[in-house]
> 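Encoded as structure tokens, here's the structure I'll be asking about.
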Amino acid sequence: MAIFVDKNSKVIVQGITGREGAFHTQRMLAYGTKIVGGVTPGKGGTTIESGQPVFDTVKDAVEATGATHSIIFVPPFAGADALWEAYDAGIALAVCITEGIPAHDMLRVVNTTPGMRIIGGNCPGVISPGKSLIGIMPGHVFKEGNVGMISRSGTLTYEIVDGLTRAGFGQSTCVGIGGDPIIGTTFVDCLRAFANDPETEAIVVAGEIGGSDEEDAAAFIKEHITGKPVIGFIGGRSAPKGKRLGHAGAIISGNTGTPESKVKAFAEAGVPVADRPSDIPKLLASRLKPVPA
Amino acid sequence: MAIFVDKNSKVIVQGITGREGAFHTQRMLAYGTKIVGGVTPGKGGTTIESGQPVFDTVKDAVEATGATHSIIFVPPFAGADALWEAYDAGIALAVCITEGIPAHDMLRVVNTTPGMRIIGGNCPGVISPGKSLIGIMPGHVFKEGNVGMISRSGTLTYEIVDGLTRAGFGQSTCVGIGGDPIIGTTFVDCLRAFANDPETEAIVVAGEIGGSDEEDAAAFIKEHITGKPVIGFIGGRSAPKGKRLGHAGAIISGNTGTPESKVKAFAEAGVPVADRPSDIPKLLASRLKPVPA
Amino acid sequence: MKLMEYQGKDLFRRVGIPTPSGVYATAAGDVASYIAAHPGSWVLKSQVMMGGRGKAGGIKFADDAQHGEALARELFGKVLKSIQNPDGEEVKSLLVEEKVDIASEAYVSIAIDRAARKPVVLVTAQGGMDVEEVAERDPGAIEKYWIDPAMGYSPFIGRKLAFDAKLPEGYRKAFPSILGALYTLFMDYGANLVEINPLVLTKDGRVIASDAKVELDDNGLYKHPDIAKWNKEQPTDDDQAAAVAIGLGMSNYAKLPDEDGRIGSVGVIANGAGLGMGTMDAVKNAGGGAANFLDIGGGAQADLVKKSYNLVTSDPRVKAMFINIFGGITRGDQVAKGIVEALAGDDVRKVPLVVRLTGTNAEEGRAILAQAGFVPVETMDEGAARAVALASGGK
Amino acid sequence: MKLMEYQGKDLFRRVGIPTPSGVYATAAGDVASYIAAHPGSWVLKSQVMMGGRGKAGGIKFADDAQHGEALARELFGKVLKSIQNPDGEEVKSLLVEEKVDIASEAYVSIAIDRAARKPVVLVTAQGGMDVEEVAERDPGAIEKYWIDPAMGYSPFIGRKLAFDAKLPEGYRKAFPSILGALYTLFMDYGANLVEINPLVLTKDGRVIASDAKVELDDNGLYKHPDIAKWNKEQPTDDDQAAAVAIGLGMSNYAKLPDEDGRIGSVGVIANGAGLGMGTMDAVKNAGGGAANFLDIGGGAQADLVKKSYNLVTSDPRVKAMFINIFGGITRGDQVAKGIVEALAGDDVRKVPLVVRLTGTNAEEGRAILAQAGFVPVETMDEGAARAVALASGGK
């Protein structure tokens, strides 16, 4: 099972012959991801060195390969266009790696692509360890298992996952939802999927200061997640109020968005919040049995 | 039963204090329609002479009255706005009487109001005889019964219905879908509803030259309507090709839209086409038993 | 509202669609001075509404000012005729445009698809000819795409269409943005149709709209007063003008052409376009033909009925009239009053009249007519038969 | 990108939002000549980014040219200070505007609601003060509406909000079109926030945007080059400029303020904003504080690592540095190479350094560091503790 992607997911790469696209295509193939082709307008009919066919349009690629998943490596100005093209071609899930897509482009995209799951933009992607990696994550850090993981950041996710893996907690699926103001998939969307995934037995939610995703997640957990322990984490708790730190999402505004608000929301939902990433495996250990490597 | 409206439909009138709105509100009330209120911005808090409350917004009206249906009498430039306001307030079915709404306004409206049924614009409305009239039709012509009737025109509908009523064929529901290029409800939408309505035992489709609604209806009938006789009629068969006659919809273009194309499509669907309105009751009589008045 | 080529190209330039360089001219001297100032090869294109102006001799080529002036003099005032337009249309203005070296001609249009209720884009690499011809001969050569108005246009649509329609490679870079601009024009100006045929790829690699066909929705024109006033500069439909003059909508009155040598001789007045068409059909079913058709709309008062009577009888072909009213909003007494008033006047041509009056206030109306010594018929079929008989001299 | 009031009003006028008459001035003489040419009562408004300019003495009233000139001379060059902005901001330009007779002040804004992923409109009849204040004191007075971007704005939204927020009747006619124009601005220019506070109803019945607050999305600025260049006319954030100068994104480097009398003394470099924040947290958890924060992003090469080292140590508060790398795309050997190169140079200030290196090519990186006589730590917590100890003079 896992969520969003599994080993049968057929993936195309939008921007497969670009620098980033080409590099990560090889990394994903090495991980075992079923990359069935890619798209670069004007290069249709060719193949990349590792043998995957290149198409002019996503529609052509989907028709020829039966792809259901897409990963997008295009410049920011072409991000919305790539997502709409994926939607138009019937792609079920699109991972958008591109950073810096205008917020208004995403605003329009997320409100006009009903039924397609978009992960990102500005995200590291999604991995169901041992099955498939659709993203730019370092696959070797992850290990197959029963912990679902969702995070707003990239490298902090690797830090946390590394700790989980070393402590014997493998992962069902890890989703990096991205740090932009408007993203396709929220914590709540992931929690809903994890709640229905029999393979996932515990969940780690790695949030950040700013926005209200964590508060929304806490409310959802309180209402809908039973029988699966959830551990929370809030990055940036030491950040000064109002200072913008890398992620546009991490601006503290009003009363939601503060670390206090988020910790309180989690507490009310019965979710223990780890003070540091290294505490997460400890909190998990009292609720779920680790599986020795 | 009937379709779209029944005697429990709670109706508000958008533009209730305007000339047309006020006039037809009284006619509908006289027919027995449950008009529970109306909307005229700036006149909220007042009541019209017959006692119905007036609200500033559709939302206010819906919240106060529980209305589910709306009928719209506003100038053409305000047509799209009125439909969107109805949608926003949760109205389930809106009858748009307004003639001359820009086609592009309707194009945007019909593509952004999923789940709301729009009838019209530029239509005479819908009536379930003996139950409710939401429109500008002369109620006395209609009679409760088991024939479903759909038509692109207004007065021609009355002509046909008058003949049906005189011949003992009452109607379950009559829908005037309107003659504009972009309308909210098509023949096919009505046919689908009639197919599922146990009260409707036969259907009359009164089409016109131009467009492809009749061809689409014929294809739907062939595929989905069984056990309910359907009689067709095509208005304007004597019209010269290419001449615009009142309804913008009635421009003959290409190969669809000609009377020949429509008659042929109906014939292929096993639908007899009446040469004149007065033939419709005759064609019906051999397929359905009239109920004497 | 149909726009002329030079008007369509004005809109093209507003949204950023490349057009050939040139000038719009209404006098031969202007043509000469423009060419003199811009030496080269120029095309003189007659600005008319009708199609097939090329075959009709409305397009000429000039290589110098003198030649250009001579050709312009020849074109101004010329009446171009075609099979579709036997009456012809007078040339009142010209578009003088650079003669481009054509490498390839494509076709692109956006229209409203009524059934899908979405804008539909049509593209084919076979431009420069009638697209209906292409559709008939090689339907697979036309690519279609339905745009979701909620999502709007995005460049992938143009890329996809260019690839699928196999446009030559030279189009690829420019096409998505040209189609985007065309969609902007289509939506922002409320067009029923925008068409570029041909969309030319020049030998020096430019992609240019060589022709422009734009048809705007009349109902949306109020949003664009600057364009609405172009209407006045254009040949107006006499029927539309006549209808508007008496307070009806533009398309509420139409004279019908004589077809197959048969002359329609029954004037038709009805309330509602549908009933009007039904009435015309009834006249034909009765063995006759309608000469014209007037829809008095809903709720007509006596005065409008009178004016309508006068308008319909102003058509000399009308030998008898059939007024067919099914009262809904329209009240029978008002219609009857109007008829009696019209017949009372001395300033109108009177023809034998058949009236059918039913629905709201029909009794009152019939009483008014009876008082004036007039007996209405009972049904539409009966009325049509009577009118046809009267028109052919019967009683 | 935050716009100044006069820039926001420039955009307001482009979309048709009424603004007071007036002039933008950068010299006292211009103020004088404008008032001389337009006798009446005028307001001189300092054009600064900071809030609370009124309390800080940045707004003055003048009734004639001489008075206006004197006040302008006083304002130009003045440094306005507020609680939020203790360093102050120098007044370099003024907006001279008609002094309107205020009947009522309302508030309206549109912002992106991240959670709903829709634009949200806020309206209250209690304008002219901080909306956060209203939210706290009388939350029911603020009406909200989430606009569906697929449907867009339609006037009923403005009508509904005006009624629900109980705006005085004088607003009713103008408000729906002003809000429509504001939405157009919000969407067309890619704004994070557009705010009119106050939206004034004047005693003579006009509805006017008395102030303008516009914040545009930096990622969408490339679509508006004319506005993007305004950025250059504005005070730039030094940290942003420094980050861009070495090839990073604008928000990849930030100096952190000293809080509660505590001075942060650990320089932080990490790959990724999330890990960077985590690293700062770890420093705090270890009893210390970060002085700044630099995100080298993904896939950094040695040269960038070197430049980043230099930038971070250029902050004199930095007493020790913690470089925390979790190699994904970023390769440990490249980072190690950059560190060694940075330390090799003579042109940089060197501080005690703690490195944590794991993930992709971590072994190779550790080998490079070892060769330079440097032993990395194993975990983030360990590294943070070490850095804090070093920063406070420990070993």
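Just so it is clear: chains get the letters A, B, ... in the order the sequence lines come, proteins before strands, and each one is counted from 1.
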> Suppose we screen for ring-ring contact (aromatic ring centres under 6.0 Å, His included). Which residues come up paired with D:Tyr189, at least two apart in sequence or across chains?
D:His224
> When you measure from the side chain of A:Asn111 to the backbone of D:Ala150, do you find a donor-acceptor pair of N or O atoms at a distance under 3.5 Å?
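No; zero donor-acceptor contacts below 3.5 Å.
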> Within a 6.0 Å radius of atom CZ on D:Arg137, are there more than 12 heavy atoms belonging to other residues, nucleotides or ligands?
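Enclosed: over 12 neighbouring heavy atoms sit under 6.0 Å from CZ of D:Arg137.
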> Output the option from D:Gly190, D:Gly327, D:Gly220 having the highest count of non-hydrogen pairs under 4.5 Å with chain A.
D:Gly190
> So which residue, D:Ile112, D:Leu221, D:Thr279, ends up with the most heavy-atom pairs under 4.5 Å with chain A?
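Heavy-atom pairs under 4.5 Å are most numerous for D:Ile112.
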> If I measure from the heavy atoms of chain D, does A:Ile160 come under 4.5 Å with its side chain, its backbone, both, or neither?
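A:Ile160 has no heavy atom closer than 4.5 Å to chain D.
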> Any side-chain heavy-atom pair from A:Asp105 and D:Lys223 closer than 4.5 angstrom?
yes
> Name the region of A:Phe23, side chain, backbone, both or neither, that has any atom closer than 4.5 Å to a heavy atom of chain D.
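For A:Phe23, side-chain heavy atoms alone lie under 4.5 Å from chain D.
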> Go through the atoms of D:Tyr222 and report whether side chain, backbone, both or neither lie under 4.5 Å from a heavy atom of chain A.
side chain
> Please say whether more than 12 non-hydrogen atoms of neighbouring residues, nucleotides or ligands are located less than 6.0 Å from CD in D:Glu382.
yes
> From A:Asp279 CG over to D:Asp381 CG, what is the distance, rounded to the nearest 0.5 angstrom?
7.5 Å
> Return the OH to OG1 distance between A:Tyr158 and D:Thr358, rounded to the nearest 0.5 Å.
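It is 13.0 Å, given to the nearest 0.5 Å.
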> With rounding to the nearest 0.5 angstrom, report the CG to OG distance, D:Leu256 to A:Ser238.
8.0 Å
> If we define contacts as heavy-atom pairs under 4.5 Å, which of A:Ile182, A:Asp213, A:Val141 has the most with chain D?
A:Ile182
> Go through A:Met106, A:Arg108, A:His24 and name the one with the most non-hydrogen pairs under 4.5 angstrom from chain D.
A:His24
> Looking at every heavy atom in both A:Ser153 and D:Gly274, which two are closest together, and how far apart are they?
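Closest approach of A:Ser153 to D:Gly274: CB-CA, 3.4 Å.
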> Could you pull out the closest heavy-atom pair between D:Asp217 and A:His104, with the gap in Å?
OD2-N, 4.5 Å
> Taking salt bridge (Lys or Arg N to Asp or Glu O under 4.0 Å) as the definition, give me every residue that meets it alongside A:Asp88, ordered by chain and number, with sequence neighbours left out.
none
> Return the option, out of A:Leu156, A:Thr112, A:Asp275, with the maximum number of heavy-atom pairs under 4.5 Å with chain D.
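Result: the option with the highest number of such pairs is A:Leu156.
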> I'd like to verify something: which residue of A:Val188, A:Ile183, A:Ile234 has the highest number of heavy-atom pairs under 4.5 Å with chain D?
A:Ile183
> Look at the side chain of A:Thr155 and the backbone N and O of D:Asn271, then say whether any donor-acceptor pair between them is shorter than 3.5 Å.
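Present.
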> Over all heavy atoms of both residues, which pair between A:Leu107 and D:Pro149 is shortest? Give the atoms and the distance, please.
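Shortest heavy-atom contact: O-CG, 4.1 Å.
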